[in-house]
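The first residue in the sequence is number 1, and the count goes up from there.
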Amino acid sequence: MKKEQSIAILGVGNIGSALAKGLLDSKFISPSSLTLTRRNPDKLSIFKERGCIVTDNNIEAVQSSRVIVLAIEPHHMQHVLSEISPLLSDKQTLISVATSWTINKIRNYVSEDVPIVRAMPNTAIAISESMTCLAGPHEHPAMKQTIEMFKCVGKTQIIDEELMTSATALTACGVAFFLRAIRAAAQGGIEIGFHADQAIEMAAQTAKGATELLLQEHQHPEYEIDRVTTPKGCTIAGLNQLEHGGFSSAMIRGITTSAKKAADL
């Protein structure tokens, strides 16, 4: 990226670190154009070694950057926004990944001429495989800039802001749900004779293959399921047992419960 398009990520924890790693690994930005802040910058030594600017000073980070990503915890948002808002201008883009902080709520601290975009990535952003949902001014150059940025670390969808809480449950919390399903499959593999490392690799690759079938073939999941089920076969017997145990219902309830919890934050 050009120097005038430098990025600052404020409050670099798990998501901030994942985003920074993804942006660097995808070569979307050079290390010298990426500024990372944290109250204890020593915990960002891995990024400093890669050539990033690491500091505990949010003001300096904002002053030197065109794109500012708020990766801080929601309960710190008010303090940080109050701190940086006098420095923001219409030449900059403010991107928030903080759960529950709406654009209108952020706008209480930020002037009208500063474009604001909300983003909900997940931790797979660290390997450029995130599903990131974006909300904000659809036609504004800031949104196009944000899409370009997050497309380098996975897939993006623009959604209505009222669905951001739902996106938190489906795509951010969802990573844990699918990992738990893979773990369960691996445990089943161990019970039928495989060693743990074999079972985990087999389950994870099978899940990856199933995912790629959907993403590349653009078919409904049931279409691909029908291709591997035969009359009186072992696949349909296993699928029916999963449903007898409430597999689909449990996944649906997990997602809706997470959505309700996110809405309460």
Side-chain angles (χ1 to χ4, degrees), residues 1 5-31 33-38 43-54 61 65-74 76-77 93-101 116-136 142-159 161 163-182 204 207-208 211-212 214-215 255 258-259 262 265:
M1 291 183 79
Q5 293 177 311
S6 54
I7 298 173
I9 304 177
L10 310 187
V12 178
N14 291 335
I15 286 293
S17 295
L19 174 58
K21 182 178 184 298
L23 292 175
L24 292 170
D25 290 350
S26 67
K27 302 189 186 307
F28 182 77
I29 188 172
S30 63
S33 295
L34 181 60
T35 302
L36 308 175
T37 78
R38 184 168 177 154
K43 293 185 177 180
L44 301 177
S45 58
I46 187 173
F47 294 105
K48 187 174 183 179
E49 291 169 1
R50 295 185 67 169
C52 299
I53 301 168
V54 173
S65 303
R66 289 291 299 274
V67 177
I68 295 92
V69 181
L70 299 173
I72 58 182
E73 296 178 4
H76 291 312
M77 280 283 285
T93 298
L94 190 63
I95 302 171
S96 170
V97 299
T99 303
S100 78
W101 273 75
I116 301 172
V117 178
R118 287 184 67 191
M120 180 51 62
N122 59 38
T123 52
I125 204 169
I127 56 169
S128 298
E129 290 291 348
S130 177
M131 179 66 249
T132 302
C133 294
L134 304 171
M143 177 61 81
K144 296 178 181 179
Q145 181 183 40
T146 305
I147 292 171
E148 179 187 358
M149 175 177 162
F150 281 97
K151 273 189 174 180
C152 288
V153 288
K155 294 183 179 294
T156 64
Q157 279 196 28
I158 299 177
I159 63 174
E161 190 184 7
L163 290 172
M164 287 300 282
T165 298
S166 299
T168 302
L170 183 57
T171 65
C173 303
V175 169
F177 301 154
F178 289 108
L179 288 172
R180 182 59 60 85
I182 292 170
K208 181 180 180 181
T211 299
E212 288 300 320
L214 295 183
L215 294 177
I255 291 170
S258 288
L265 292 177

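Taken to the nearest 0.5 Å, the OG atom of Ser33 stands 11.0 Å off from the CZ atom of Phe28. To the nearest 0.5 Å, atom CG of residue Leu19 and atom CG of residue Leu24 are 9.0 Å apart. Once rounded to the nearest 0.5 Å, the distance linking CE of Met120 with CG of Leu163 reads 12.5 Å. Rounded to the nearest 0.5 angstrom, Ile9 CD1 and Thr35 OG1 are separated by 9.5 Å.
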* Asked: Would Leu70 and Ile95 satisfy side-chain contact (heavy atoms from CB on, under 4.5 Å), going step by step from the backbone distance to the final call?
  -> CA-CA 6 Å; Leu70 299 173; Ile95 302 171; over 6 Å; no
* List the steps, then state whether side-chain contact (heavy atoms from CB on, under 4.5 Å) holds for Met164 with Thr99. => CA-CA 8 Å; Met164 287 300 282; Thr99 303; over 6 Å; no
* With side-chain contact (heavy atoms from CB on, under 4.5 Å) as the test, would you mind laying out the steps for Ile68 and Leu10 before giving the verdict? => CA-CA 7 Å; Ile68 295 92; Leu10 310 187; 3.8 Å; yes
* Give the intermediate values and the outcome of side-chain contact (heavy atoms from CB on, under 4.5 Å) for residues Ile7 and Leu23. => CA-CA 10 Å; Ile7 298 173; Leu23 292 175; 4.2 Å; yes
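The local environment of CD in Gln157 is sparse, with at most 12 non-hydrogen atoms from other residues, nucleotides or ligands closer than 6.0 Å. Around atom CD1 of Ile46, no more than 12 heavy atoms belonging to other residues, nucleotides or ligands sit under 6.0 Å away.
Ser130 contributes no side-chain N or O that, together with a main-chain N or O of Ala126, makes up a donor-acceptor pair within less than 3.5 Å. Put simply, the side chain of Trp101 never gets that close to the backbone of Ser96: no donor and acceptor are under 3.5 Å apart. Remark: side-chain polar atoms of Ser65 are not paired, donor with acceptor, to backbone N or O of Val67 under 3.5 angstrom. In this structure, the side chain of Arg38 engages the main chain of Val12 through a donor-acceptor pair within 3.5 Å. Proximity of a side-chain donor or acceptor of Asn122 to a complementary backbone N or O of Thr171 within less than 3.5 Å is detected.
By the 4.5 Å heavy-atom criterion applied to side chains, Ile53 and Lys48 are not counted as neighbours.
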